[in-house]
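Here the structure is laid out as structure tokens; the discussion comes afterwards.
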Amino acid sequence: MNPEILFAQYAAQCPIEIPPEAVDEELQELVLEEKQRMQYETLTGAAIHLASQQELDERMEVLQAEALCRARERLVLEKILREQPLPVTREDLEAEAEAMAQRQGTTVEALRRFFEEDLSMLQRDLKQRKAMAWACAQMEEPV
């Protein structure tokens, strides 16, 4: 199963308090994304949005539900990162840099110039992926 879907399922059943401010932050981001999407579609001629605020208002219920899911997932991920020992080794960083270089058609040396010599800027992303993988593994364990 898709790891993002599995993580979303894990987060949905994880008992965690979600402060209204967290949902509000996510909702603001989603509204901004929607406005940018509509502007882009209008500029490219893909669609015309004459009543963009009305469109946003009509989608608000869907956006609020999505904001709640995003806030929950972010908070669950932060909780896992706090509570689980998920070390990122030098080998992990090197392997990620190699895979990224292949995906982007560049070299590890070029990535080192961008991400700093020790590749430490990749560490947070790797830690988050390890946390998601840990949560997915919990979903796959028999109950």
Side-chain angles (χ1 to χ4, degrees), residues 1-49 52-53 55-143:
M1 181 180 271
N2 181 321
E4 285 88 20
I5 293 172
L6 206 53
F7 180 75
Q9 290 174 350
Y10 176 85
Q13 67 182 0
C14 188
I16 191 167
E17 184 177 330
I18 305 168
E21 307 83 47
V23 179
D24 290 343
E25 287 175 24
E26 295 294 338
L27 182 59
Q28 287 175 8
E29 281 188 37
L30 284 168
V31 167
L32 182 60
E33 288 172 16
E34 281 294 301
K35 286 180 179 180
Q36 289 173 338
R37 180 189 58 78
M38 285 189 267
Q39 286 177 338
Y40 179 78
E41 288 178 351
T42 300
L43 287 171
T44 61
I48 297 175
H49 299 279
S52 57
Q53 188 58 51
E55 287 181 50
L56 275 173
D57 292 344
E58 290 170 358
R59 288 190 34 80
M60 194 54 69
E61 192 173 317
V62 171
L63 293 174
Q64 287 172 332
E66 177 64 20
L68 178 61
C69 288
R70 283 189 182 188
R72 173 179 289 283
E73 289 175 15
R74 181 173 46 85
L75 292 169
V76 167
L77 185 61
E78 289 170 2
K79 182 177 190 266
I80 294 169
L81 288 169
R82 273 192 318 274
E83 296 176 356
Q84 296 301 318
L86 300 165
V88 174
T89 65
R90 183 80 187 143
E91 292 77 25
D92 293 336
L93 291 170
E94 293 290 339
E96 177 61 19
E98 184 64 41
M100 187 180 282
Q102 288 180 351
R103 284 192 308 270
Q104 296 179 1
T106 188
T107 65
V108 172
E109 290 73 31
L111 289 175
R112 284 184 193 284
R113 286 192 296 273
F114 183 77
F115 287 116
E116 300 179 5
E117 186 62 31
D118 64 357
L119 301 170
S120 62
M121 289 178 65
L122 294 175
Q123 189 163 3
R124 178 163 170 77
D125 288 344
L126 281 171
K127 222 170 166 73
Q128 286 179 341
R129 274 195 268 146
K130 283 187 172 196
M132 288 180 76
W134 178 88
C136 290
Q138 306 311 300
M139 291 294 290
E140 294 172 350
E141 289 181 2
V143 180

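Worth saying up front: this structure is predicted, and the values here are computed from it rather than measured.
For the pair Phe115 and Leu93, the minimum side-chain heavy-atom distance is 4.5 Å or more.
Taken to the nearest 0.5 Å, the CG atom of Leu77 stands 10.5 Å off from the OH atom of Tyr10. Taking CZ of Arg112 as the start and CG of Leu122 as the end, the distance is 10.0 Å to the nearest 0.5 Å. Between the CG atom in Leu27 and the CD atom in Glu21 there is a gap of 13.5 Å [rounded to 0.5 Å]. With rounding to the nearest 0.5 Å, the separation of CD in Glu26 from SG in Cys69 is 10.5 Å. Note: Leu30 CG to Met60 CE = 9.5 Å, rounded to the nearest 0.5 Å. How far CG of Leu75 is from SG of Cys14: 10.0 Å, rounded to the nearest 0.5 Å.
Arg90 meets the side chain to side chain donor-acceptor pair (under 3.5 Å) test with Glu94; sequence neighbours excluded. Residues passing the side chain to side chain donor-acceptor pair (under 3.5 Å) test with Asp24: none are found, sequence neighbours excluded. With sequence neighbours excluded, the residues that form a side chain to side chain donor-acceptor pair (under 3.5 Å) with Lys130 are Asp92. Not counting sequence neighbours, the partners of Glu83 by the salt bridge (Lys or Arg N to Asp or Glu O under 4.0 Å) test are Lys79.
When all heavy atoms of Ala8 and Glu73 are compared, the pair lying nearest together is CB-OE2, 3.2 Å. Of all heavy-atom pairs spanning Lys127 and Val88, the tightest one is N-CG2, 3.9 Å. For Met121 against Phe114, the heavy-atom pair with the smallest separation is SD-O, 4.1 Å. Minimum interatomic distance between Ala11 and Arg72 (heavy atoms only, all atoms of both residues): O-CD, 3.0 Å. Summarising the geometry of Thr44 relative to Glu41, their closest heavy-atom pair is OG1-O, 3.4 Å, with the distance given to 0.1 Å. Nearest heavy-atom pair, Ala131 versus Leu86, reported as atom, atom and distance to 0.1 Å: CA-CD1, 3.5 Å.
Annotation for Leu32: atom CG counts as buried by contact number, over 12 foreign heavy atoms lying within 6.0 Å. Surrounding CZ of Arg124 are at most 12 heavy atoms belonging to other residues, nucleotides or ligands under 6.0 Å away.
The main-chain N or O of Trp134 is found under 3.5 Å from a side-chain atom of Gln138 such that the two form a donor-acceptor pair.
Here side chain to side chain donor-acceptor pair (under 3.5 Å) pairs that include residues 55-70, with residues two or more places apart or in two chains, are Glu33-Arg70, Glu34-Arg59, His49-Glu55, Gln53-Asp57, Gln54-Glu58, Glu66-Arg70.
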Under 3.5 Å donor-acceptor pairs involving side-chain atoms of residues 97-109, not counting sequence neighbours:
residue, atom, partner, partner atom, Å
Arg103, NH2, Glu96, OE2, 3.4
Thr107, OG1, Ala110, N, 3.0

